[in-house]
Amino acid sequence: MFKLPIAASILFFLASCGTVYVSPKVDARDGKVRVLPVNAETVLVANRAKYNPKQLPAVFFQNAGGAGSVRGAGAVPPTSQSEQQRPAAMTLRIPPNAAAGPYRIGVGDVLLLATKSGGSTVEELSGLLAAQNSRQGYTVQDDGAIAIPDVGRVNLDGLTLEEAEAQLFLSLVQSQIDPTFSLEIAEFNSKRVSLGGAVSNPTVAPITLTPLYLDEALAAAGGISTRDLEFASIRIYRDGTLYQIPLEEYLRRADLQKVRLVNGDSVFVDTEFELEKAQSYFQEQITLAQFRQQGRVQALAELNAEVNLRRSSLSEERSNFKDRVDFDAVDRDFVYLTGEVSKPGRFTMPFGRQASLADALYSDSGFSSETGNPSQIYVLRGSSDPAEFGAVTAWHLDARNAANMSLATRFKMQPNDIVFIAEQPITRWNRALKQVFPSVISLGNAVTN
């Protein structure tokens, strides 16, 4: 009856002496291990360590699209026709009435001065004959004057014909010359109106002693040469202002035909829309559109072929890289997991970003909820200083309060970190029993026998 108590005493002695089962733990007694709790402040300290994650090859950031050396159908030839836009309703803007008045001599005009000849009475029987024999032309110079022999320069710019005759009479008298003369304008060069656009003969029409009206000026240019009455207009540019008379209204209203023109006017017959040109333009555009469409089809076929070649090349390069990764032939960074984890091993750090402690704990090899002790989660990080070779910092995460797991999402892992999770006390006891129980049974049997 004393056999079972004796066996139990033996089991208790073995377990208490640690000879039955030994479990790993973080021990800071040797002075080389420094244990720091994981909190908001220490996470910032732990994350100060510099780390540049491994990057994926450039082939993973390339795509098969984009324009290459696609030839297509070549450049589209330029259009030979301009597009004809149908204008909106044309408004009537009539120039103001020009002030009526006599013609005033200007620079460039040629004046004919007929003076009495000095011949015999027989030669002067006809005053007209004498005047014809002594006619002389004078051009009004830039300074507005004409130069008469024995008289000098006489300024006639801006004077009417009557005022000019009076000025010449006075000059002849002052020069003691017989003031018998006649004066006329031979060439009108100082006042002009230009005409262009849809007229037969674009020209410059002079303004003479008689007023120049719009219909007369157009007749001097050979008349209007357009069949498009609906969209044509007569435009008059005067003193910086543009006036417009729709052609249909011009032909219908006599008062518009008798618009008086003044010096410096520019008359332009504008045909904003010509049906024949519009038809030619659209026919040309249809041909060019067909050409472009053929070019697009050809370019698309070339582009598809090029994209397919690029896609095949990229797929092959990516597949080769994945195979190298599978064969562990690519330099990678790892975090090692040990203790009470689902599967002891290494956690591969991702390309292009830093992994957190939470990434490691919740990976396939991460925390074992059955045997792991949430209050004993450690990140073991060796010192990079050669003078502190063998020194280890143990960052201790107590996850009994689940809120502390938020710190794990901010704790950045470094290459060669070790995540260690201690076992539950009950797990340690169960494992000790599992190891010692067969020995107890054998001992009990021996005592019984």
Side-chain angles (χ1 to χ4, degrees), residues 51-91 196-198 225-233 235 268-334 347-356 358-359 362-364 409 412-413 415:
Y51 168 60
N52 295 319
K54 294 288 192 300
Q55 301 295 323
L56 283 171
V59 68
F60 283 91
F61 300 94
Q62 298 172 354
N63 57 66
S69 57
V70 181
R71 295 185 300 275
V76 178
T79 60
S80 61
Q81 302 287 338
S82 59
E83 184 178 3
Q84 299 294 309
Q85 299 287 347
R86 291 180 66 90
M90 290 181 289
T91 58
S225 60
T226 179
R227 296 179 297 170
D228 183 19
L229 302 181
E230 182 180 0
F231 300 107
S233 64
R235 296 183 175 180
F268 187 85
V269 180
D270 186 19
T271 53
E272 295 188 11
F273 187 86
E274 297 185 23
L275 183 59
E276 294 179 356
K277 289 185 178 180
Q279 291 174 341
S280 300
Y281 173 79
F282 285 113
Q283 185 176 0
E284 184 180 52
Q285 291 299 310
I286 291 173
T287 302
L288 291 176
Q290 293 173 347
F291 182 84
R292 292 190 188 96
Q293 181 63 27
Q294 294 175 356
R296 292 190 184 98
V297 172
Q298 181 179 350
L300 183 60
E302 294 182 4
L303 182 60
N304 286 334
E306 184 176 351
V307 168
N308 289 333
L309 290 175
R310 291 181 184 178
R311 184 177 291 114
S312 298
S313 176
L314 292 175
S315 298
E316 183 177 5
E317 290 187 51
R318 293 169 183 172
S319 177
N320 291 339
F321 181 80
K322 292 178 181 178
D323 290 340
R324 291 173 57 204
V325 171
D326 293 340
F327 285 109
D328 203 11
V330 176
D331 185 24
R332 301 295 300 274
D333 293 325
F334 301 99
F347 167 73
T348 306
M349 300 187 72
F351 288 105
R353 67 177 182 86
Q354 277 193 270
S356 66
D359 292 331
Y362 291 101
S363 64
D364 294 339
T409 62
K412 302 301 182 182
M413 304 302 295

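With hydrogens and angles ignored, the 3.5 Å screen pairs a side-chain donor or acceptor of Ser315 with a backbone N or O of Arg311. Side-chain N or O atoms of Asp359 include one that pairs as donor or acceptor with a backbone N or O of Ser356 at under 3.5 Å. Formation of a donor-acceptor pair under 3.5 Å by the Ser312 side chain with backbone atoms of Asn308 is found in this model. Counting only distance, with no hydrogens or angles, the side chain of Arg353 and the backbone of Pro53 share no donor-acceptor pair below 3.5 Å.
For the atom pair Thr287 OG1 and Phe291 CZ, the distance stands at 11.5 Å (nearest 0.5 Å). Rounding to the nearest 0.5 Å gives a distance of 4.5 Å between CZ of Arg235 and CG of Asp270. With rounding to the nearest 0.5 angstrom, the CG atom of Leu300 is 11.0 Å from the CD atom of Gln298.
Counting heavy-atom neighbours within 6.0 Å of Asp364 CG, excluding the residue itself, gives a total of 12 or less. Within a 6.0 Å sphere centred on CZ of Phe334, other residues, nucleotides and ligands contribute more than 12 heavy atoms. At most 12 heavy atoms of other shown residues, nucleotides or ligands fall within 6.0 angstrom of atom NZ in Lys322. Within 6.0 Å of CG in Asn52 there are 12 or fewer heavy atoms belonging to other residues, nucleotides or ligands. By the neighbour-count criterion of 12 heavy atoms within 6.0 Å, atom CD of Glu316 is sparsely surrounded, having that number or fewer from other residues, nucleotides or ligands.
Here the closest heavy-atom approach between residue Leu314 and residue Asn63 is recorded as CD1-C, 3.7 Å. Nearest heavy atoms, Arg318 versus Gln62: NH2-O, 2.7 Å. When all heavy atoms of Leu56 and Phe61 are compared, the pair lying nearest together is O-CE1, 3.6 Å.
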Query raised in the report: So Phe347 and Met413, side chain to side chain contact (heavy atoms under 4.5 Å, CB included) or not? Walk me through it.
Result: CA-CA 11 Å; Phe347 167 73; Met413 304 302 295; 5.8 Å; no
Query raised in the report: Under the side chain to side chain contact (heavy atoms under 4.5 Å, CB included) criterion, do Tyr51 and Lys412 qualify, and how do the steps go?
Result: CA-CA 9 Å; Tyr51 168 60; Lys412 302 301 182 182; over 6 Å; no
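Remark: aromatic rings of Phe321 and Phe60 are close, center separation under 6.0 Å.
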